Amino acid sequence: MRPIRGGHLLSLDGVSRDQVLDVLDTAESFVEVNRRTIRKVPALTGRVVASLFFEESTRTRLSFETAAKRLSADVISLAVASSSVKKGESLRDTISTVEALGLDAVVLRHRSSGAAEQVARFVPHVHVINAGDGQHQHPTQGLLDAFTVRQVLAERHGTSGPESGAELFAGLRVVIVGDIRHSRVARSDIAVYLALGATVRVVGPGTLVPAEVAQWGVEVSDDLDEALEWAQIVGLLRLQVERGGGEFVPSLGEFSTHWGLSVERLGALSPDTLVMHPGPMNRGVEIAHAVADSPQSLVTRQVANGVPVRMAVLYLTVAGGEDR
Amino acid sequence: MNRLVLRGGEVVGPLGVRRADVLVDDGRVIEVGPALEVANAVEIDCAGSYVGPAFVDLHAHLREPGGRGAETVHSGARAGVVGGYGALVAMPNTEPALDSVPLVRDVLERGRSSVLDVAVCAAITVGRAGERLAPLADLASIGVHLFSDDGTGVANPLVMRRALEYARPLGVRLAQHCEDAALCEGGVMNEGEWSLRLGLGGRPAAAEEMMVARDLELVRLTGGRLHFLHLSTLRSLELVEAARAEGLDVTFEVTPHHLTLDESACAEYDPDFKVHPPLRPRQDVEGLRRWAREGRLDAVATDHAPHTPEAKDRPFDEAPAGLLGLEHAASLVHEALGENNPVELFRLLSRGPARIAGLDRRGAFGLSAHGGDVAPGEDANLVVFEPTATWVVDRTRLQSRATNTPYHGRSLVGRVRHTLVRGQLRVREGDLR
């Protein structure tokens, strides 16, 4: 994969272990910033970050904008609903217009797969950070998921994330459940876990787990309960009803019965097994209400870790790892 | 002065190649032979080049009426002659669709004032809606030989059956775009490992193959005649070849892009690589090339599909499908054939398609005859192709109004030097005259 430092972050496809660790270790150093009274460092003072969300996403947008502000960057935010995009302006023209205002980085969310890649071609000297493109990739989500797992496992082992490196991922058993086909989170999670040395299994309805997934180096399982018993990490995915995911299963009820993490299934898990979900959750579909709030659920930690991980990504891409 | 002598080239016939000069006068080939002694003729240097029948494209989207921003009959014709074509078949998926005599006549009229011969493939159904038959008999009576709803296929098997039956006694041929629309829903590239990795909706090979299989059964049922447009998978070719061995009257074409590009070209989300049927896996590309080298293809057709930059300059999933073909088709076919098979090059680009389009004889629409031998008495539709010349595709220097070529910057071997249409030298040393 192309370098993250001084470059773009478009995808985690082909990311190396060292690249992932670089981001995770950098993020670790920003965790402390978020605990201070004055939650700000001057790392990106005078730099301009544009947050362009062509698809609604309150949480990811807030997370990125918070991260940019904590690095002292100026944030330009394009509200698509009131913008010229609605008037038929092309992606290229929108980006060129924003670029003309002078900027260092673009954080881009778009409903089309590959949009971040295209924007990186339109404005090659601007650092482009993919905040989710269609059904392709959501790299910062993958990184924050890995960061969260490492943080929790390190706590258990009485060590710190940076000290442990990728050690705690060696042979770690991860199962990802549900709508693999439409999920950009699944693609980024699988890439990052494999890069760190974990073993990844996927399980879900036949319509949502295409056979070609096996070529990614993951195991495809037909048995959710066996996979859950095997797993140390359970990654749930949002059933992408809005992307047509609902047509791929007979009903949400059937999906929930056969592939949802119910209270009963939670009870059958080892107490050490961790449950993750990128949000927003369909409570009662892929995750039972009580499971989302159980002690094994890392959902709120994932949200909290979004800020330091995105700070790390902004810092590494924009400042290229210059000395702070 | 219309008297020309093509000097020192290798004349390509259906069986082989021989060194000969070709004298052309008054739109016809007058004499073919070594070291012709000719006075008062323009001398055209053809040394080191093949001389053969000008190419015929079975499948060109010329965008008139309704799409003049992307191409016109005249600009498409200029792109054609530069690419070595003497005749193009204009496809009917225009706005409105070419489904009536007046609309077809209008395109033919524009063609008559263009630099080459333009024939028309008319729609099978009214408005290409796949419901009611277009006036096939009226259209056949003015010389239309091919009918297609291309862009999409005729989805309803009953409508397709009726069309095959109705067309049969008219002596015309239907042409089908085979991709089952329901199975392709949301698909923007070949379905497989790449589409999954890129998060792009897939168009499975099966969508093409099941429609080929269905239509073969309908041809068997009706005794009709059918041409398969732009077949892109090895399995499709096998199905058609097997059916033909049983005696069905079916023909097919493949495109230069399916012979030279595979699905991995979509990895950078460049919409210039988006096309229907989609670029397929490497095994299919290699399979198609193998068939080309084994002489098992009927014809190569470009599916030349111009789009304006603003239409293509969108995210991959939103951009229209289609790419340019006319100006680099011959070089690509030459490459696919291993750069040393002139007889097959001219069969695939000229003789084969001329026969399928009914352009191998004079008369249809008042056009001249194409795809014949380079022999005295034949209409002088000729191309001179230099097999060892190399050139680089530059999208800013195309004759087409559009720029959506996937080959921009690619170095190609083999180039059209001269094109003659009805004895007129339209292209000389690569330049439009």
Side-chain angles (χ1 to χ4, degrees), chain A residues 2 10-14 54-55 85 88-96 108 110-122 130 132-138 179-188 190-191 202 208-218 240 243-245 247-248, chain B residues 69 181-207 262-275 278-284 307-321 395 403-404 406 408-409:
Chain A
R2 288 168 284 196
L10 306 177
S11 164
L12 294 180
D13 191 9
F54 292 84
E55 184 183 69
V85 176
E89 188 174 66
S90 76
L91 182 57
R92 187 196 291 268
D93 288 341
T94 305
I95 296 298
S96 303
L108 185 90
H110 201 283
R111 69 184 173 282
S112 291
S113 298
E117 179 89 30
Q118 289 179 308
V119 166
R121 273 205 297 276
F122 300 157
N130 182 3
D133 63 327
Q135 303 171 5
H136 178 222
Q137 286 269 334
H138 192 357
D179 187 356
I180 309 292
R181 179 187 289 277
H182 298 105
S183 174
R184 55 193 174 212
V185 174
R187 286 166 178 77
S188 292
I190 288 169
V202 297
L208 297 175
V209 183
E212 293 88 353
V213 170
Q215 295 176 43
W216 293 351
V218 302
Q240 309 258 321
R243 290 180 197 282
E247 292 164 20
F248 287 72
Chain B
L183 207 50
C184 287
E185 191 184 85
V188 297
M189 70 171 290
N190 181 62
E191 179 175 305
E193 206 265 332
W194 274 105
S195 65
L196 190 64
R197 181 177 292 275
L198 296 171
L200 293 171
R203 305 174 78 85
D262 70 52
E263 58 178 344
S264 66
C266 300
E268 289 173 4
Y269 298 96
D270 181 344
D272 285 344
F273 292 88
K274 180 176 176 182
V275 63
L279 301 177
R280 298 295 188 185
R282 181 187 295 269
Q283 306 88 280
D284 282 305
H307 289 290
T308 59
E310 56 274 22
K312 273 289 191 185
D313 193 9
R314 284 189 201 158
F316 195 91
D317 55 350
E318 294 176 5
R395 63 158 51 113
T403 58
N404 54 305
H408 177 66

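We name chains A, B, ... by the order of the sequence lines, and we start the count at 1 in each one. Keep in mind that what you see is a predicted model, and the values were worked out from it rather than measured.
Heavy atoms closer than 4.5 Å to chain B are found in both the backbone and the side chain of A:Val213. Interface remark: B:Asp313 contributes backbone and side-chain atoms alike to the contact with chain A (heavy atom separation under 4.5 Å).
Closest non-hydrogen pair, A:His110 versus B:Pro315, comes out as CE1-CG, 3.7 Å.
Each salt bridge (charged side-chain N to carboxylate O under 4.0 Å, His left out) pair with one or both residues in residues 185-198 of chain B, not counting sequence neighbours, appears once here: A:Asp13-B:Arg197, B:Glu193-B:Arg197.
Other residues, nucleotides and ligands contribute more than 12 heavy atoms inside 6.0 Å of the CZ atom of A:Arg121. Annotation for B:Glu310: atom CD counts as buried by contact number, over 12 foreign heavy atoms lying within 6.0 Å.
In this structure the side chain of B:Leu200 never reaches within 4.5 angstrom of the side chain of A:Gln135, judged on heavy atoms. In this structure, the side chains of A:Ser90 and B:Arg314 stay at 4.5 Å or more apart for every pair of heavy atoms.
Residues forming a ring pair (Phe, Tyr, Trp, His ring centres under 6.0 Å) with B:His307 (at least two apart in sequence, or on another chain): none.
A salt bridge links B:Glu318 to A:Arg111: one of the charged nitrogens lies within less than 4.0 Å of a carboxylate oxygen.
At distances below 3.5 Å, not a single donor-acceptor pair connects side-chain atoms of A:Arg187 with backbone N or O atoms of B:Leu198.
The one candidate from A:Gln118, A:His136, A:Glu117 that meets the side-chain hydrogen bond (donor to acceptor under 3.5 Å, both in side chains) condition with B:Tyr269 is A:His136.
Chain A forms more heavy-atom pairs under 4.5 Å with one residue of B:Asp317, B:Val188, B:Leu196 than with any other, namely B:Leu196.
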